[in-house]
Amino acid sequence: MNGKNSHISILGIFVADAAFRASRPPRMGETLIGLGFNLGPGGKGSNQAVAAARLGASVSFISRLGDDAFARLAIDLWDNEGIQALVEHDSNSFTGAAYIYVDDQTGDNAIIVVPGAASDVSEQDVERHRNSIEGSSIFMTQLETPVSAARRGLRIAREAGVTTILNPAPAAPVDSQLLALCDYLIPNESEASLLTGMDVVSPQDAGVAATSLQERGAGTVIITLGENGAMYCDGKVQVHVPPVRAGQVIETTGAGDCFCGAFAWALDAGVEPLEATRYACAAAAISVTRPGTAPSMPTRKEIAALRSNPVSNGE
Ligand code: RIB
């Protein structure tokens, strides 16, 4: 922690996730009979808020919603999880949605997200919640809102001495000024590839990419590597954190969000960043054994049980 009251402020989007399981994605012009469907809460920022809150963090969430059934899904979710909603409702817009294809064999996913009202989150919206950001110990955001809003949030937080975390997802180019506002940058392999122009597949690749991002101004870089764990690079050490197995992989959607939320919670609780990375890997390992995004986030008890008794070989 940084001497501030323990509170995680998150800027991002909420959308309704419509997840379709199938043996393969449909081809253009084809109708495919699927194997399963689930409609539930999603959006990277909201998922991260749920992950942190479920572990016991005090969390507020800055965003925009429509005034419709999906907005009520969001409000009910945040009420149930104890998340403070700092949200504008726009009745001229709509709450967004995501199409999620889930490969029935591997649990891997492909997503189209339409942020709806949250695509209008503005710098003014962020300014409106300046006091809340400045009073937080951690500020975290992603790239699903307009980048101008993310930049404003990171700048407010940085100037107030609040620890900043950027999860640069979905993948998009980011300038050095933005990177320099990040105490922690948490991309996955494909986001790290896009940010650096390098192929990032192995932990070694990730180490090289992290160094390049740090040369451009980022603080500690943690590159998540899916089934290969994560690469932690703080400028002094580069450590490959091995993957954790928690059982059969059902759906990988939201695993990165789980990682970010759990990492932020652990950091806020005073855990050293490398250990917080290990903790986040364990949390994400549990989330992929369950369907859905927000609903798949684990509790502290579940993570503690896994860490004291890891599953070998994923079975
Ligand atoms: O990271 C997973 C999330 O990305 C999904 O919940 C979907 O809504 C998209 O925003």
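Everything quoted here is computed from the prediction, not taken from an experiment.
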Using every non-hydrogen atom in the two residues, find where V241 and C281 come nearest and quote the distance to one decimal.
CG1-SG, 3.8 Å
Which is it for E81 and M297 under the side chain to side chain contact (heavy atoms under 4.5 Å, CB included) test, yes or no, and what are the steps along the way?
CA-CA 11 Å; E81 301 290 343; M297 303 306 170; over 6 Å; no
Output every pair passing ring pair (Phe, Tyr, Trp, His ring centres under 6.0 Å) with a member in residues 155-207, not counting sequence neighbours, ordered by first then second residue.
Y184-F263
Listing, residues 207-219 side-chain donor-acceptor contacts under 3.5 Å, not counting sequence neighbours, or none:
{"unit_1": "T211", "atom_1": "OG1", "unit_2": "G207", "atom_2": "O", "d": "3.0"}
{"unit_1": "T211", "atom_1": "OG1", "unit_2": "Q238", "atom_2": "NE2", "d": "3.0"}
{"unit_1": "Q214", "atom_1": "NE2", "unit_2": "G219", "atom_2": "O", "d": "3.1"}
{"unit_1": "Q214", "atom_1": "NE2", "unit_2": "C233", "atom_2": "O", "d": "2.8"}
{"unit_1": "R216", "atom_1": "NH1", "unit_2": "L195", "atom_2": "O", "d": "2.8"}
{"unit_1": "R216", "atom_1": "NH2", "unit_2": "V174", "atom_2": "O", "d": "2.6"}

Between E272 and R278, does the salt bridge (Lys or Arg N to Asp or Glu O under 4.0 Å) criterion hold? Intermediate values first, please.
CA-CA 10 Å; E272 289 301 317; R278 294 197 176 96; over 6 Å; no
With F259 via ring pair (Phe, Tyr, Trp, His ring centres under 6.0 Å) - residues at least two apart:
none
When rounded to the nearest 0.5 angstrom, what is the spacing between OG in S9 and CD1 in I138?
10.5 Å
Just so I know, are the side chains of R245 and P243 near enough to count as touching, which here means a heavy-atom distance under 4.5 Å?
yes
Keeping Q142 on the side-chain end and L11 on the backbone end, is there a donor-acceptor pair under 3.5 Å?
yes
Solution key, residues 196-205 side-chain donor-acceptor pairs under 3.5 Å, sequence neighbours excluded:
{"unit_1": "T196", "atom_1": "OG1", "unit_2": "A192", "atom_2": "O", "d": "2.7"}
{"unit_1": "T196", "atom_1": "OG1", "unit_2": "M198", "atom_2": "N", "d": "3.1"}
{"unit_1": "S202", "atom_1": "OG", "unit_2": "Q204", "atom_2": "N", "d": "3.4"}
{"unit_1": "S202", "atom_1": "OG", "unit_2": "Q204", "atom_2": "OE1", "d": "3.4"}
{"unit_1": "S202", "atom_1": "OG", "unit_2": "D205", "atom_2": "N", "d": "3.0"}
{"unit_1": "S202", "atom_1": "OG", "unit_2": "D205", "atom_2": "OD1", "d": "3.2"}
{"unit_1": "S202", "atom_1": "OG", "unit_2": "D205", "atom_2": "OD2", "d": "3.2"}
{"unit_1": "D205", "atom_1": "OD2", "unit_2": "V201", "atom_2": "N", "d": "2.8"}
{"unit_1": "D205", "atom_1": "OD2", "unit_2": "S202", "atom_2": "N", "d": "2.9"}

Any donor-acceptor N/O pair, S287 side chain to C258 backbone, under 3.5 Å:
no
Tell me every residue that passes ring pair (Phe, Tyr, Trp, His ring centres under 6.0 Å) with F70, counting only those two or more places apart in sequence or in another chain.
none
Can you find a heavy atom in the side chain of V288 that is under 4.5 Å from one in the side chain of I250?
no
Please report the C-alpha distance between E134 and I156 in whole Å, then the side-chain angles of each, then the deciding distance to 0.1 Å, and finally whether the side chain to side chain contact (heavy atoms under 4.5 Å, CB included) criterion is met.
CA-CA 7 Å; E134 289 178 340; I156 290 171; 3.8 Å; yes
Donor-acceptor pair, side chain of H89 and main chain of G66, under 3.5 angstrom
yes
When you compare the side chain of S46 with that of S63, does any pair of heavy atoms fall below 4.5 Å?
no
Identify, with sequence neighbours excluded, every residue that meets salt bridge (Lys or Arg N to Asp or Glu O under 4.0 Å) alongside R155.
none
Answer yes or no: is there a side-chain heavy-atom contact under 4.5 Å between Q248 and T289?
no
Only pairs at least two apart or in different chains count here, so list each salt bridge (charged side-chain N to carboxylate O under 4.0 Å, His left out) that has a residue in residues 178-197.
R158-D183
Side chain to side chain, T164 and L181, heavy atoms closer than 4.5 Å:
no
N47 side chain to G43 main-chain N or O, any donor-acceptor pair under 3.5 Å?
yes
Keeping N188 on the side-chain end and S190 on the backbone end, is there a donor-acceptor pair under 3.5 Å?
yes
With Y279 via ring pair (Phe, Tyr, Trp, His ring centres under 6.0 Å) - residues at least two apart:
W265
Quick check: closest heavy atoms across A283 and A262, and the distance to 0.1 Å?
CB-CB, 3.6 Å
Which atom names give the shortest non-hydrogen contact between L55 and P298, and what distance separates them?
CD2-O, 3.7 Å
Measuring only between side-chain heavy atoms, which start at C-beta, is L178 closer than 4.5 Å to L154?
yes
Donor-acceptor contact below 3.5 Å, side chain N309 vs main chain A305:
no
With salt bridge (charged side-chain N to carboxylate O under 4.0 Å, His left out) as the rule and sequence neighbours excluded, what pairs involving residues 89-108 come up?
R21-D104
Strictly by modelled atom types, are S137 and H7 linked by a side-chain donor-acceptor pair under 3.5 Å?
no
For the aromatic rings, using the six-membered ring if either is Trp, is the centroid distance between Y101 and F20 under 6.0 Å?
no
State whether the side chain of T277 and the backbone N or O of Y232 hold a donor-acceptor pair below 3.5 Å, judged by distance alone.
no
When hydrophobic residues are tied together by side-chain contacts of less than 4.5 Å, even through go-betweens, does L143 share a cluster with V15?
no
Taking a hydrophobic cluster as the set of Ile, Leu, Val, Met, Phe, Trp and Tyr residues connected by side-chain heavy atoms closer than 4.5 Å, whether directly or through intermediates, do V121 and F94 fall within one such cluster?
no
Pairs flagged by salt bridge (charged side-chain N to carboxylate O under 4.0 Å, His left out) wherever residues 280-295 is involved - sequence neighbours left out:
R290-E302
With hydrophobic residues grouped by side-chain heavy-atom distances under 4.5 Å, do V147 and L185 end up in a single group?
yes
Using salt bridge (Lys or Arg N to Asp or Glu O under 4.0 Å) as the criterion, list what pairs up with E127, not counting sequence neighbours.
R130, R152
Is there a chain of hydrophobic side chains (I, L, V, M, F, W, Y, each step under 4.5 Å between heavy atoms) that links L65 to V113?
no
For W78, ring pair (Phe, Tyr, Trp, His ring centres under 6.0 Å) partners two or more places apart:
F14, F61
Let me see the working for D175 and R151 under salt bridge (Lys or Arg N to Asp or Glu O under 4.0 Å), right down to the final yes or no.
CA-CA 10 Å; D175 58 54; R151 187 188 303 275; 2.7 Å; yes
Please tell me if the side chains of N38 and V102 come closer than 4.5 Å, counting only heavy atoms from C-beta onward.
no
Drop me the distance from D67's CG to T95's OG1, to the nearest 0.5 angstrom.
8.0 Å
Between A230 and I222 the two heavy atoms that sit nearest each other are CB-CG2, 4.3 Å
For the atom pair CG (D268) and CG (N5), what is the distance rounded to the nearest 0.5 Å?
10.0 Å
Checking the side chain of E88 only, and the main-chain atoms of R64 only, is there a donor and an acceptor separated by less than 3.5 Å?
no
Determine yes or no for a side-chain-to-main-chain donor-acceptor pair under 3.5 angstrom, with S60 supplying the side chain and I83 the backbone.
no
The single option from I10, N167, T141 that satisfies side chain to side chain contact (heavy atoms under 4.5 Å, CB included) with C260 is N167
Taking all non-hydrogen atoms of both residues into account, name the closest pair between S136 and S132 and its distance.
OG-O, 2.7 Å
Write down the atom of V59, the atom of A53, and the distance for their closest heavy-atom approach.
CG2-N, 3.8 Å
Going hydrophobic residue to hydrophobic residue with side-chain gaps under 4.5 angstrom, can you get from V237 over to I186?
yes
Short question: side chain of D125, backbone of S122 - any donor-acceptor pair under 3.5 Å?
yes
